[in-house]
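Order of appearance sets the numbers: ligands from 1, and atoms from 1 within every ligand. Side chains included, hydrogens not; waters and symmetry mates left out as well; all remaining heavy atoms used. Residues take their numbers from the sequence shown, with the count starting at 1.
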Amino acid sequence: MIVTLTANPALDRTIALDSALVPGEVHRASSAQEDAAGKGVNVARVLHGSAVETLAVLPLAADDPFAALLDPTLAIRAVPTTAHARANIALTDAAGETTKINLAGTPLGDDVLRALVDAVVAASDGADWLALCGSLPAGAPGDLYATVIHAVRARVAHPPRIAVDATGPALETVLAQADEIGAVDLIKPNEDELVQLAVDLSAPDVDRPALHSRLVREVEADPIAATARLARELVPGTVRAALVTLGGDGAILVDAHGVWHAGIPAGVDVLSTVGAGDSSLAGYLLADRAGAAPAERLRTAVRYGSATAALPGTRLATPADLPTGDIPVRALD
Ligand SMILES: O=P(O)(O)OC[C@@]1(O)O[C@H](CO)[C@@H](O)[C@@H]1O
């Protein structure tokens with residue numbers, strides 16, 4: 001069983017253009033779609049589509065149109081709230097570019113936040129993994145995920161391994177509090193998020209804008225080596241493993257035993273990158289649950305991420321969508 005938490009779910013509205021997106025111009029949409037989404041919901045949707053037992057925990061109002069868009073066969077634990085999920089916009093153009101506009105989301109009351117933590121604790125006992133995914137709702141304490149991790153590890157008899165896919169304070173506090181709450185088992189940043197994390201965790205006397213510019217230049221020059229270097233600074237002391245997604249450059253996996261890089265399969269036409277990172281995380285988790293070795297976990301992550309990138313809107317990969325082409329994986333020094 002894999003439990004996911006989506007503290008800030010999103011009704012994803014995707015508008016497909018058959019021309020290039022030009023700021024300031026009028027465009028005609030070639031199609032539009034809506035999906036009940038948000039990072040943890042997406043991870044659960046992919047797992048469910050691959051017949052892996054999963055439970056998605058999220059705040060959900062009874063009258064929210066989001067509910068009607070959810071697959072009724074997806075197991076969810078809905079924490080009652082009056083706040084509707086935000087509507088996030090994605091514009092996808094003919095060149096395969098995705099432009100995303102994410103809203104902050106309606107604030108949740110302290111009672112709802114407490115109920116979310118309790119729901120995750122109740123769902124987690126005996127689970128293989130708990131994945132804490134996405135941004136926090138507006139006004140929520142920045143250390144909400146650290147609070148969840150502490151509660152799960154303190155109150156659950158058989159706590160699951162924990163993956164975090166988040167940015168900013170939600171992620172930084174989890175890592176900064178590793179001494180008190182323990183190291184998390186997996187983080188899944190992309191290259192920009194990993195750079196930002198390195199900056200956020202740097203010593204107070206560091207010139208942060210200068211560090212940020214230098215790291216961005218290093219990642220642009222050699223994404224694989226530079227992100228491997230940054231991830232190695234965190235693994236295995238602060239986090240046990242890092243799956244870093246690199247878009248067209250594939251992904252790397254760093255754990256206590258090594259570093260691996262996977263390229264992307266040939267012949268994938270990118271339609272919408274929305275949900276590709278969530279699908280990579282789901283692929284990694286389902287391969288891990290099946291007992292796969294690190295290289296195969298990484299390969300499965302890239303296979304799921306690439307498959308989702310070839311689908312429109314926030315449609316997510318199922319086994320039938322997976323590319324069959326070779327995904328080369330090599331160990332890095
Ligand atoms: O604002 P967040 O929570 O960071 O991201 C939300 C979001 O962009 O993540 C998913 C794709 O990963 C989408 O379904 C959703 O709109």
Side-chain angles (χ1 to χ4, degrees), residues 4-15 32-49 56-60 64-66 69-71 74 76 83-92 97-108 116 131-140 142 144-145 148 163-174 187-194 196-197 200 243-247 251 270-285 301 304-317:
T4 71
L5 170 63
T6 312
N8 200 11
L11 194 156
D12 281 358
R13 293 209 167 104
T14 309
I15 299 168
Q33 72 183 69
E34 289 189 338
D35 298 277
K39 289 187 164 54
V41 171
N42 293 347
V43 170
R45 287 167 60 199
V46 175
L47 293 169
H48 179 59
V57 179
L58 70 158
L60 185 59
D64 191 335
F66 180 100
L69 292 173
L70 272 173
D71 173 354
L74 178 72
I76 64 166
H84 283 197
R86 62 200 161 136
N88 285 347
I89 310 288
L91 299 170
T92 57
E97 287 287 339
T98 303
T99 304
K100 194 92 172 47
I101 302 170
N102 288 359
L103 302 196
T106 318
L108 299 179
L116 262 188
L132 307 176
C133 302
S135 58
L136 303 178
L144 182 69
Y145 287 156
V148 171
V164 181
D165 179 8
T167 57
L171 177 60
E172 189 207 329
T173 48
V174 165
I187 57 171
K188 197 230 62 69
N190 61 27
E191 65 271 56
D192 298 336
E193 293 162 352
L194 185 61
Q196 190 57 53
L197 182 62
D200 290 343
L243 170 65
V244 186
T245 49
L246 302 173
V270 175
L271 272 186
S272 161
T273 55
V274 182
D278 310 329
S279 303
S280 299
L281 175 57
Y284 180 93
L285 296 178
Y304 271 83
S306 303
T308 286
L311 296 170
T314 316
R315 264 193 53 202
L316 304 171

Completion exercise
ligand 1 to N88, heavy atom cutoff 4.0 Å, flagged ligand atoms 6 (C), 15 (C), 16 (O)
Exercise for the section: Mind checking the CG-CG spacing from L171 to L197? Nearest 0.5 Å is all I need. Expected result: 5.0 Å
Problem - pair C133-L281: side-chain heavy atoms closer than 4.5 Å - result: yes
Problem - Closest protein heavy atom to atom 5 (O) of ligand 1, given as residue, atom name and distance to 0.1 Å - result: K39 NZ, 2.9 Å
Practice task
Apply side-chain hydrogen bond (donor to acceptor under 3.5 Å, both in side chains) to K188 and list each qualifying residue two or more places apart in sequence or on a separate chain.
Solution key: T245
Fill in the blank from the handout: Nearest non-hydrogen contact to atom 10 (C) of ligand 1 from the set N42, L281, T98, V43 belongs to N42
Fill in the blank from the handout: Counting from 1 in the order shown, the ligand 1 atoms closer than 4.0 Å to a non-hydrogen atom of G275 are 11 (C)
Practice task
Kindly indicate whether the side chain of N88, heavy atoms from C-beta on, has any atom under 4.5 Å from the side chain of L103.
Solution key: yes
Problem - ligand 1 to N8 polar contact by distance, N or O atoms, under 3.5 Å - result: no
Fill in the blank from the handout: Per-atom filter on ligand 1: closer than 4.0 angstrom to a heavy atom of D278 are 10 (C), 11 (C), 12 (O)
Exercise for the section: Determine whether V57 and L116 make a side-chain contact, defined as any pair of heavy atoms from C-beta on separated by less than 4.5 Å. Expected result: yes
Fill in the blank from the handout: In this structure, atom 2 (P) of ligand 1 is nearest to the protein heavy atom S135 OG, 3.3 Å
Exercise for the section: Check whether any heavy atom of G277 sits under 4.0 Å from an atom of ligand 1. Expected result: no
Exercise for the section: Find out whether K39 and T4 are in side-chain contact, i.e. whether some heavy atom of one side chain is under 4.5 Å from a heavy atom of the other. Expected result: no
Handout entry: Any R86 heavy atom less than 4.0 Å to ligand 1
Key = yes
Practice task
Could you list which atoms of ligand 1 come closer than 4.0 Å to a heavy atom of G38?
Solution key: 14 (O)
Handout entry: Under the side-chain hydrogen bond (donor to acceptor under 3.5 Å, both in side chains) test, residues paired with D71 that sit two or more places apart
Key = T73
Completion exercise
Min over N102, I89, T273, D12 of heavy-atom distance to atom 8 (O) of ligand 1 lands on N102
